[in-house]
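Have a look at the structure below, then the notes.
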Amino acid sequence: MSFVSLFLVVIFMIFAAGGTSPPMAQAQSFTISTRLTNTSTSAFRYKLRQKLHSQTAKARPLNLDPGIVFPALPSGMVYVSAHIGSPPLTINLALDTLFPFTWVQSVDCQKCFNVSPPFSNFDPKKSTTFQLLPPTNSTICSPPLAHLSAGAGSSCFYDAGYYYSMGIYGIDEFHLLSPLSSSSSTNLIAFGCGIRSMVDFDGGWGYNPIGGMIGLGKGHPSSIVSQLGSDRFSYCLPGRSDSHSGQPTLNFGSDAFIDASATNVQTTPISGHEYYNYLNLTTITVNGDVVYIMPETSSRAKLVLLDTGEPTTWFVEDAYYGLQDGLVRYFAETYGWKEPKIVYPSVYDLCYDLPTNISSIVFPKVAIQFLGGASLDLQDAFKIFPDEHQFCMVLKEGAPNVVGVYQQMGYRFLFDLAQSKLSFAPNMC
């Protein structure tokens with residue numbers, strides 16, 4: 001037996017000592033905020049190369065009430081405040097629309113990241129409703145994400161190294177209740193209890209409220225969306241300006257909707273890819289002028305992901321430099337600026353000196369168009385660095401095309417998986 005296998009068997013024995021069969025749970029509050037960290041390009045690309053086999057069987061349908069989201073800048077990821085176990089422990093889970101897996105860091109972890117007080121790691125021994133995932137549950141405990149241990153008393157282990165965690169699967173009450181609703185619903189959710197964590201949500205800021213991740217992606221039946229038996233969800237991350245103010249929310253099932261009477265709702269097809277909810281990029285515009293057209297033959301380069309697990313937006317090389325050339329032309333024609341200056345900070349490729357009157361700058365509107373004609377304005381595409389007397393475009397070059405958190409702010413997004421379509425509209429929080 002390998003060291004890792006032996007280690008997990010020991011952890012299984014620790015967990016087994018504290019778990020009993022869980023009763024049905026009531027839903028409680030569900031909030032979203034943000035974390036102070038970033039996702040490296042290499043880690044992100046590695047995540048995308050990992051494939052999860054789909055399963056036709058679904059877990060038992062569950063219900064969730066609406067959630068409340070609270071963006072807190074300057075962080076780069078949003079998180080959900082869930083209440084897990086009996087008595088309930090509040091654990092903030094980073095929201096990931098790209099991948100399906102949900103996990104929390106266990107108090108018994110051997111390789112851990114720090115969780116800042118008043119938050120703490122999950123202790124299955126202190127929850128009277130925690131139980132290990134039954135080894136007979138071949139729906140959730142399915143490869144390549146999870147597998148049964150060998151020998152008698154086997155249980156379900158998971159190894160999502162590319163997803164920053166490994167450990168053992170458990171089931172417990174998952175309380176999610178909107179303060180706007182007097183109703184409650186019963187939820188038992190299968191999730192991973194992390195023993196080894198390969199991520200640090202602190203990001204160098206000295207404070208980390210996050211204790212795990214919650215996955216809304218597809219490709220594995222452990223996804224929260226699959227466990228809910230739901231085929232639709234929506235979320236809204238309000239922007240930083242007054243024009244984008246409102247009630248930020250996360251919704252599932254029949255609570256996930258966009259007002260059909262609104263005139264600014266746009267819709268685009270979701271790709272039939274079995275692992276990711278891809279959109280199809282057609283053009284990029286600057287103030288309505290097309291600066292890049294996606295070639296018809298570029299099938300992979302067309303694909304776009306909306307990812308709440310990535311702070312900023314990435315474009316493949318040709319699209320990125322087409323956009324950059326269009327912005328250089330705009331600033332040259334509008335202000336007479338011939339060339340961008342040497343960049344600062346070095347992670348950005350397009351920077352200019354600030355004029356004496358900062359308010360005189362009119363930043364152009366950058367938008368991307370999808371199959372079917374839907375157009376998404378990218379929020380906060382530029383950032384001012386007053387101490388360096390510069391401003392920079394903060395969109396980056398990389399693959400695949402990704403619309404990150406900052407550029408999603410000020411919109412509501414509705415994923416209708418049954419109809420294979422995404423709808424979105426501004427200022428609908």
**Request:** Verify side-chain contact (heavy atoms from CB on, under 4.5 Å) between L95 and Y79, making sure each step is shown before the conclusion.
**Result:** CA-CA 5 Å; L95 183 69; Y79 64 75; 5.9 Å; no

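- For the residue pair Q105 and S197, the shortest heavy atom distance occurs at OE1-OG, 2.8 Å.
- Under the 4.5 Å side-chain criterion, counting only non-hydrogen atoms from C-beta, Y348 is in contact with V394.
- Interatomic distance, OG of S165 versus CE of M198, reported as 6.0 Å (0.5 Å rounding).
- Considering only residues two or more places apart in sequence or on other chains, P135 meets the side chain to side chain contact (heavy atoms under 4.5 Å, CB included) condition with L148, S154.
- Contact annotation: the side chain of S120 never approaches that of V115 to less than 4.5 Å [non-hydrogen atoms, C-beta and beyond].
- A donor-acceptor pair is defined here as one N or O able to donate and one able to accept, closer than 3.5 Å; such a pair exists between the side chain of N401 and the backbone of V316.
- Exactly one of N277, D307, L305 qualifies for a side chain to side chain contact (heavy atoms under 4.5 Å, CB included) with T97. That residue is D307.
- When side chains are defined from C-beta on, L279 counts as touching I270, because their heavy atoms get closer than 4.5 Å.
- A perpendicular orientation is assigned to the rings of F113 and W103, their planes being inclined by more than 60° (bins at 30° and 60°).
- The side chain to side chain contact (heavy atoms under 4.5 Å, CB included) test applied to S223 returns P100, V225, S226, not counting sequence neighbours.
- Remark: Q227 CD to I140 CD1 distance equals 4.5 Å, nearest 0.5 Å.
- Heavy-atom minimum distance, P88 versus H83: CB-CB, 3.9 Å.
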**Request:** Any chance you could lay out the side-chain contact (heavy atoms from CB on, under 4.5 Å) test for C193 and F130, step after step, and finish with the verdict?
**Result:** CA-CA 11 Å; C193 293; F130 178 84; 3.8 Å; yes

**Request:** Apply the test side chain to side chain donor-acceptor pair (under 3.5 Å) to residues T129 and D172: give CA-CA distance (whole Å), side-chain angles for both, the deciding distance (0.1 Å), then the verdict.
**Result:** CA-CA 6 Å; T129 50; D172 210 337; 2.5 Å; yes

**Prompt:** What's the verdict on side-chain contact (heavy atoms from CB on, under 4.5 Å) for L376 and F413, showing C-alpha distance, side-chain angles and the deciding distance?
**Reply:** CA-CA 11 Å; L376 176 67; F413 297 95; 4.2 Å; yes

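- By the side chain to side chain contact (heavy atoms under 4.5 Å, CB included) test, N264 is found to be paired with A262, A425, P426, residues two or more places apart in sequence or in another chain being considered.
- In this structure, the separation between OG1 on T285 and CG on L323 is 9.5 Å, given to the nearest 0.5 Å.
- To the nearest 0.5 Å, atoms CG (L422) and CG (L417) are separated by 10.0 Å.
- Looking at heavy atoms from C-beta onward, P124 lies out of side-chain contact with L132 at the 4.5 angstrom threshold.
- Scanning both residues, S423 and I258, for their nearest heavy atoms gives O-CD1, 3.6 Å.
- Tested against T283 for a side chain to side chain contact (heavy atoms under 4.5 Å, CB included), the candidates V291, I293, I368 yield a single pass: I293.
- Considering only residues two or more places apart in sequence or on other chains, P386 meets the side chain to side chain contact (heavy atoms under 4.5 Å, CB included) condition with I384.
- Sorted by first and then second residue, the salt bridge (charged side-chain N to carboxylate O under 4.0 Å, His left out) pairs involving residues 139-148 (not counting sequence neighbours) form an empty list.
- By the side chain to side chain donor-acceptor pair (under 3.5 Å) test, Y169 is found to be paired with S222, residues two or more places apart in sequence or in another chain being considered.
- Side chains of V286 and L327 form a contact here, defined as non-hydrogen atoms less than 4.5 Å apart.
- Residues that satisfy the ring pair (Phe, Tyr, Trp, His ring centres under 6.0 Å) test with F370, not counting sequence neighbours, are absent from this structure.
- Residues meeting the side chain to side chain donor-acceptor pair (under 3.5 Å) test with T268, sequence neighbours left out: none.
- A donor-acceptor pair is defined here as one N or O able to donate and one able to accept, closer than 3.5 Å; no such pair exists between the side chain of H220 and the backbone of F99.
- The CD1 atom of I210 sits 8.5 Å away from the CG atom of L93 when rounded to the nearest 0.5 Å.
- Judged by distance alone, the side chain of N280 and the main-chain N or O of L303 form no donor-acceptor pair under 3.5 Å.
- Nearest approach of T102 to I224, heavy atoms of both residues: OG1-CG1, 3.4 Å.
- Between V403 and Y411 the shortest side-chain heavy-atom distance does not fall below 4.5 Å.
- Legend: residues meeting ring pair (Phe, Tyr, Trp, His ring centres under 6.0 Å) with F415, ordered by chain and number and at least two apart, are F233.
- Contact of the L89 side chain with the I84 side chain is not registered, since no non-hydrogen atoms from C-beta on lie closer than 4.5 Å.
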**Asked** Do T312 and Q407 pass the side-chain contact (heavy atoms from CB on, under 4.5 Å) test, and can you show the C-alpha distance, the side-chain angles, and the key distance before you say yes or no?
**Response** CA-CA 7 Å; T312 193; Q407 282 67 57; 3.6 Å; yes

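- Among F122, Y158, F101, the one residue that satisfies the ring-ring contact (aromatic ring centres under 6.0 Å, His included) test with F191 is F122.
- Neither side chain, N121 nor S106, offers a donor N or O lying under 3.5 Å from an acceptor on the other.
- Between Q408 and Y235, the shortest heavy-atom distance links the atoms OE1-OH, 2.6 Å.
- Residues in residues 414-424 take part in these salt bridge (charged side-chain N to carboxylate O under 4.0 Å, His left out) pairs, two or more places apart or across chains: R232-D416.
- Within the model, atoms CZ of F424 and OG of S375 stand 7.0 Å from one another, a figure rounded to the nearest 0.5 Å.
- The salt bridge (Lys or Arg N to Asp or Glu O under 4.0 Å) search around D123 returns K125, not counting sequence neighbours.
- In terms of the ring pair (Phe, Tyr, Trp, His ring centres under 6.0 Å) criterion, Y321 has no residue partners (sequence neighbours excluded).
- At least one side-chain heavy atom of F391 sits under 4.5 Å from a side-chain heavy atom of F363.
- Across all their heavy atoms, F174 and A82 have their closest contact at CE2-CB, 3.9 Å.
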